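From a predicted model like this one, the values you see are computed outputs, not experimental measurements. Counting starts at 1 for both ligands and their atoms, in listed order.
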Amino acid sequence: MPSNQSMMTETRKIEGIGPQKIVEVQNLKKYFYLKNGAILTAVDDLSFEIGCGETLGLVGESGCGKTTCGRTVIGLYQATAGEVRFNGKNIFTLAKNEKQDFTKKAQIIFQDPYASLDPRMTVADIISEGLDIHKMYSLKERYEKVHELLALVGLNKEHANRFPHEFSGGQRQRIGIARALAIEPQFIVCDEPISALDVSIQAQIINLLIKLQRDLKLTYLFIAHDLSMVRHISDRVGVMYLGSMVEIGQSDELYNNPQHPYTKALLSAIPIPDPEIEKNRKRIELEGEVPSPINPKPGCRFKGRCRYAKPLCEQERPQLKQVTLDHFVACHLY
Ligand code: SF4
């Protein structure tokens, strides 16, 4: 089977990213209060920014809080504490008309193209849901817009009156992308948009997202657990572990010069296409599972799986520290 990397054709270009920040996340917390009184700390004190036209990749094992982070950033969840600023305004304190404007400018593409499309709706109705809510077009214009969006994502207008079950997984994800693009957003949270797809289809969807970003000047928060795929689409990558950002930096810098023991272990698991290098490569085995985010203990969240843990790691939670230009790590080794 070809590797994800060898199938890539589009390359990510950073040109066009301005200094202007479109998303600013500050000390974001999202806790879920369980019936037995326990607290699930899905996102715990997360801070990052995304520049206009940039893609920030967010990676980590299942249960690390990356999806909750994406949904909170887009306003689908109310934050427990902290701020998400979109174009300078805190999305949790917007007035009604500002909130409506925000929902037009910020959209989400969901992970599962099978579950995220209503099987009783036609493709045209699915894509134009947002247009209808925001009363953006007349009936004639609505159909023209749907046809335009279908073409944009590599489908055609004959697909408009069909139902989701008539499409493959990759085509359904294209429909999901067309739906997200319908109201001409500036920012899209891509919540594991390729995880449920075959490897051959994953590359096509990534290439489509890269092309759309270039053509429409979009900004992405791209959430995934496949690190090799994330590198191709991301300008910067953030690594999450148990609700916290443990490392964040420019893609190439982070992949070539990882600092956090967790990032090193994740990267060591990516297969290398060269058989000679692959044969001699040493994989860092992570012992144990990701611990529960319910009532976490003090100190570094990674301490139970870290071979370098020292007494300080038991007591004090490390904060992000700058290691090189635009490269930060949260670990007491630095
Ligand atoms: Fe390991 Fe300590 Fe660094 Fe955590 S802070 S990753 S336990 S060395």
Legend entry - Salt-bridge contact Glu141-Lys145 (side-chain N to carboxylate O under 4.0 Å):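 Salt bridge between Glu141 and Lys145, a charged N being under 4.0 Å from a carboxylate O: no.
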Inset, instruction - Using the six-membered ring wherever Trp is involved, compare the ring planes of His260 and Tyr262 and label them parallel, tilted or perpendicular (cut-offs 30° and 60°). - result: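 Ring orientation, 0 to 90° scale: perpendicular.
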Inset, instruction - Apply salt bridge (Lys or Arg N to Asp or Glu O under 4.0 Å) to Glu98 and list each qualifying residue two or more places apart in sequence or on a separate chain. - result: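 For Glu98, the residues satisfying salt bridge (Lys or Arg N to Asp or Glu O under 4.0 Å) (neighbours in sequence not counted) are Lys89.
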Legend entry - Cluster companions of Val323 among Ile, Leu, Val, Met, Phe, Trp, Tyr (side-chain spacing under 4.5 Å):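 Result for Val323 is Tyr308, Val329, Leu333, Tyr334.
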Legend entry - Total protein N/O/S atoms whose distance from atom 1 (Fe) of ligand 1 is less than 2.8 Å: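 Under the 2.8 Å cut-off, the count stands at 1.
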Inset, instruction - If a pair satisfies side chain to side chain donor-acceptor pair (under 3.5 Å) and one of its residues is in residues 67-81, list it, with sequence neighbours excluded. - result: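 Pairs touching residues 67-81 that pass the test: Thr67-Asp191.
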Legend entry - Over 12 foreign heavy atoms within 6.0 Å of NZ, Lys264: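 Yes, the 6.0 Å shell around NZ holds more than 12 heavy atoms from other groups.
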